[in-house]
Protein chains: 2
Amino acid sequence: MTIGDVASHAGVSVATVSKVINGRYGVAAATAAKVQAVIDELGYESSLVARSLRSHKTNVIGILVADLEPFSTELLKGASRAIHGSGYELVVYSAGGLAVDSVGWEKRYLSRLGGTLIDGAVLVTPTVVEADAAIPLVAVDPHRGRSGLPMVDSDNRRGARLATEHLLGLGHRRIGFLAGRPDLESAEQRALGYRQALEAHGIPLDPDLVQIGAYEQELSADAARALLTLPDRPTAVFAANDRSAIETLEMARVLGIAVPSELSVVGFDNIPESVMAEPPLTTVNQPIQDMGRMAVELLLELLGGASPAQTHLTLPTDLVLRSSTAPPRLPRARRGTSGRRTTSA
Amino acid sequence: MTIGDVASHAGVSVATVSKVINGRYGVAAATAAKVQAVIDELGYESSLVARSLRSHKTNVIGILVADLEPFSTELLKGASRAIHGSGYELVVYSAGGLAVDSVGWEKRYLSRLGGTLIDGAVLVTPTVVEADAAIPLVAVDPHRGRSGLPMVDSDNRRGARLATEHLLGLGHRRIGFLAGRPDLESAEQRALGYRQALEAHGIPLDPDLVQIGAYEQELSADAARALLTLPDRPTAVFAANDRSAIETLEMARVLGIAVPSELSVVGFDNIPESVMAEPPLTTVNQPIQDMGRMAVELLLELLGGASPAQTHLTLPTDLVLRSSTAPPRLPRARRGTSGRRTTSA
DNA sequence: CTGAAAGCGCTAACAG
DNA sequence: CTGTTAGCGCTTTCAG
C-alpha cells in the first residue's frame, strides 16, 4: 500500500496525491475530494520513513533511553502527558542494553535517527553531551560537565542532604554511602550532599563507608556487601538510587541483618518499586513524571522556534518517610565519633 | 554526515562503504580497514530510515501503544528484558492520545511503520485485529473476537472470579461492578467472572450495580458516582482495572464514604500505583511484565522463522490482598438478597 | 490545475 | 575487488 496505489486508484499522479495529503494549494476541489475518498477507502497512511527521508519534518519527537527501567518508564508517563494535544507523536528508542555499557549510546542513536524520523529529542541520562546536533535536544539528568544543552534535572544535592540529615537526626553516626554512576552529574551531587551533611554535623568522612554501585545490579550488590560486612559496619546506608537501595535491602536479608532495627536504608528517586520493597523504602522523591513532562514541554517550545526564558529547569526534591529507617539500636553514636566534634551549622 | 561523506573521506565509492558496514564479501582487507578507520573517526552511523526504506530489514522491533500509562509502561519493562541480548533494538510508538479515541489506531501505526522501520511489532490492547500484515505481529490483551493473531493475555475470568469471591467471602452481597472497555476481550471476561461468581452464590445480578467506566478517567468517575449514590448503595465495588478502582477510591473520599469500613474496593491489574493508593488497593495481579517479555519472545521466534508450538499464551492471575477490603459493616447481606437463593456450585 | 522528474541516504544487482 | 546504476516511497520544483 503506497502512494502509488492511491494514485492509480484515483486516476491521478502521485504528485497530486501528495499535495492532497499535505494540504498543499493547487489542487481542484473535485480532484482533492476524489483522492481523499480513495485514501479513506483504502485506509492509506503515508510511510513515516519515506516521508521523513524526503522532507525532514515528521511531527514526531524521540525519547532516547539506554534502557526501559523504572526511572525511564516513569519519565515516559510524564512525557506522554505533555504530548497530548501537541500534535506530535512519540517514539521511544532503546537499544535495550545492546550498547548500554558503551559510553555515548545517545550519540549513536542520534545519528541513526536525527535528521530523519524525529524532529527533536529528549535524552535520558546521556553519558556524553553534545551540544551540536542537527535537531533540538533536551537532556534529562545528564552527564557531568557543563554543556550548552537545555536540560531538566532535580535538586540532587538538597535531596541527598535531606536523606543524610534524616539519618543523622535519628541518631546514626556511621552512615554508609552507596554511590551511583560516577559520570552522572546527579550522582556526584548526591555524593556531595551526603558529604556536606556529614560535615555540617562534624562527622569525618570515613572512606570505607563509601562504595560505588554505579546504579548497576551486580556492582550495587557487591558494594552493599562490602558495606555490610565491614568490621564496624554502618548502622545506616544511604544509596544513591532506589534500585541500589533495594539491592541493599536484599543483601541485608541475605546477611541476616534486620531492617530497620539493625540497619536503616534510604534510597533516592521514589520509583514505584520503592513502595513495594520489603520494608517499604524511605527515599528521596524526585518528581520523575514532571521531569519528563517539562522536558517535552521545553522541547516543544524549542521546536516551535521559541527561545525559552529558562533553559535549565531544576525541580525540587523531598524526603518520603516510610519504614526502612529507625534510630540505631545501640548507642553507637558515642563509639563512632572518635574524631573532633565541631559545632558547625 | 552521510555515507557519501565517509566515501569521499576514504576515497572510495558509497557502495564500498555500504559493503564494509554490512560486512559483505568482496572488499579487500586493506580497503575495509581504511573505510572502517574513517567510520570510527567520523563516528558515522547509518541512517535507520534510509536503510530501512531500501532494505526492509532493520533489526528493530516496534511496540505500538495507544498511550504510555501504567499498564503499557509495566509491559515495556518486561519487553526490554526480552530484548536484551537478542540483537534487536526497540522502538515504542505512541500517538500520545492523538488518535487514541479513534478505533483502529494500531492499523494506522502499522501502515506508517510496517514494511519499513520495524521488522515486527507487539500491539498493546489493539482495538481492531488484523491478521494480514506485512510483518509478524503479536497482540497483547486484544480486542474481542477471534483473530489468527498470535497473542498473550492473562486469565481474566479467573481473576475476576477470585476478586468477586473474595468480596463474597467477606460477607458482601451487594457488589457493584465498574466495567471496562466493551471492545476488549479481557474486559468482557472480567465481567463474565463477576457474573459467574455471583451466580455461583445464588445472587441475582442487579443491573443497577453494573456501570461502565471504559477504563477512562471521566467515565470511571461518573460510573463510580452512579454506583455510590444509589439509594441502596453497594457495600463493595469490583472495578475492572486499577485505574478505575483508584478513581472509585477518590470518589468515595469525595462522598465521605470510608474505605474499607463502609465500602470495599477491589481492582484489577496490580499496577504499581495500586500499592500507593490510599488505602493500598486489594487487586487482581496480572503479570504485566511477564506478558511484555513473553510477547517479545514470541515475536522474536516468529521473526526467526520458527513456528512456535504455542501461539496463544494465557498467564495466570491471582489475588493480592491489601487494605481496601473488609467485611461489610452492617449485616446488609440479609437485606440485599431478596431474590431466589439457589445452591449452584 | 496537474504530472514528470529529481533526489533524500541507503543497498543490491551488475559491470568493469 | 570496485564502482556505476537503479530504485525503496515520498515531496517538491518546474513544465505543460
Side-chain angles (χ1 to χ4, degrees), chain A residues 1-36 38-39 42-60 108 110-119 134-135, chain B residues 1-36 38-39 42-60 108 110-119 134-135:
Chain A
M1 168 66 52
T2 72
I3 195 172
D5 298 332
V6 176
S8 56
H9 274 255
V12 296
S13 71
V14 294
T16 302
V17 176
S18 175
K19 283 172 195 153
V20 172
I21 292 171
N22 297 291
R24 295 273 175 282
Y25 292 110
V27 176
T31 312
K34 183 177 57 182
V35 170
Q36 190 58 54
V38 173
I39 289 176
L42 265 46
Y44 167 77
E45 286 282 344
S46 70
S47 158
L48 181 58
V49 165
R51 169 194 295 238
S52 94
L53 185 58
R54 187 62 233 247
S55 76
H56 291 201
K57 167 67 179 169
T58 58
N59 259 37
V60 174
R108 199 179 87 79
L110 272 178
S111 51
R112 272 174 82 76
L113 305 183
T116 45
L117 197 57
I118 54 178
D119 294 343
I135 55 174
Chain B
M1 169 65 51
T2 72
I3 195 172
D5 298 332
V6 176
S8 56
H9 274 255
V12 296
S13 73
V14 293
T16 302
V17 176
S18 175
K19 284 172 195 153
V20 172
I21 292 171
N22 297 290
R24 295 274 175 281
Y25 293 110
V27 177
T31 313
K34 183 177 57 182
V35 170
Q36 190 57 55
V38 173
I39 289 176
L42 265 45
Y44 167 78
E45 286 282 345
S46 70
S47 159
L48 181 59
V49 165
R51 169 194 296 239
S52 94
L53 185 58
R54 187 61 234 247
S55 77
H56 289 200
K57 166 66 177 168
T58 58
N59 260 34
V60 174
R108 199 179 86 81
L110 271 179
S111 52
R112 272 175 80 78
L113 305 184
T116 45
L117 196 58
I118 54 177
D119 293 342
I135 55 174

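Order of the sequence lines fixes the chain letters, A, B, ..., with proteins taken first and strands second; residue numbering starts at 1 for each chain. All figures in this text were calculated on a predicted structure; none of them were measured in a lab.
Considering only the side chain of A:K19, C:dT2 comes nearest among C:dC10, C:dT2, D:dC10. Considering only side-chain atoms of A:A50, the nucleotide from D:dG9, C:dC1, D:dT2 that sits closest is D:dG9. For B:S46, whose side chain is taken as the heavy atoms from C-beta onward, the closest listed nucleotide among D:dG3, C:dG3, C:dC10 is C:dC10. Candidate nucleotides C:dA4, C:dC10, D:dC8 were compared by shortest atom distance to the side chain of B:H56, and D:dC8 ranks first. In the set D:dT11, D:dC1, D:dT12, the nucleotide with an atom closest to the side chain of B:T31 is D:dC1. Among C:dA5, C:dT11, D:dT2, the nucleotide with an atom closest to any side-chain atom of B:N22 is C:dT11.
We find that CZ of A:R24 is positioned 16 Å from C1' of D:dC14, with the value rounded to whole Å. Atom CG in B:L53 sits roughly 4 Å away from atom C1' in D:dC8 (whole-Å rounding). A:L117 has its CG atom 15 Å from the C1' atom of C:dC10, to the nearest Å. The CD1-P distance, from B:I3 to C:dC8, rounds to 14 Å in whole Å. Between A:M1 atom CE and D:dC8 atom C1' the separation is 17 Å, expressed in whole Å. Look at CZ on A:R112: it is 16 Å from P on C:dG9, rounded to the nearest Å. Between the CD1 atom of B:I39 and the P atom of C:dG9 there is a distance of 17 Å, rounded to whole Å. Note: NZ (A:K57) to C1' (D:dT12) measures 17 Å, nearest angstrom.
Counting non-hydrogen atoms under 4.0 angstrom, B:Y25 reaches nothing in the nucleic acid. Using a 4.0 Å heavy-atom criterion, one finds that B:A28 contacts the sugar-phosphate atoms exclusively. Within 4.0 Å of A:S18, counting heavy atoms only, lies at least one base atom of the nucleic acid.
Each of B:T16, B:V38, B:I21 was evaluated against B:V6; a single residue qualifies, B:V38, per the side chain to side chain contact (heavy atoms under 4.5 Å, CB included) test.
Residues B:N22 and B:R51 form a side-chain contact, since some pair of their non-hydrogen atoms from C-beta on lies under 4.5 Å apart. The shortest distance between side-chain heavy atoms of A:L117 and A:L48 falls below 4.5 Å.
Dashed line: the shortest gap from a side-chain N or O of A:S13 to OP1 or OP2 of C:dG3 is under 4.0 Å. For D:dC8, the OP1/OP2 oxygens have no side-chain nitrogen or oxygen of B:S52 closer than 4.0 Å.
Applying the 3.5 Å distance criterion, the base of D:dG7 shares a donor-acceptor pair with the side chain of B:R54.
The residue among B:V12 and A:I21 whose nearest nucleotide of DNA chain D lies closer to the 5′ end is B:V12. The residue among A:S55 and B:A32 whose nearest nucleotide of DNA chain D is located toward the 5' end is B:A32. Each of B:E45 and A:V27 has a nearest nucleotide on DNA chain C; the 5'-most of these lies closest to A:V27.
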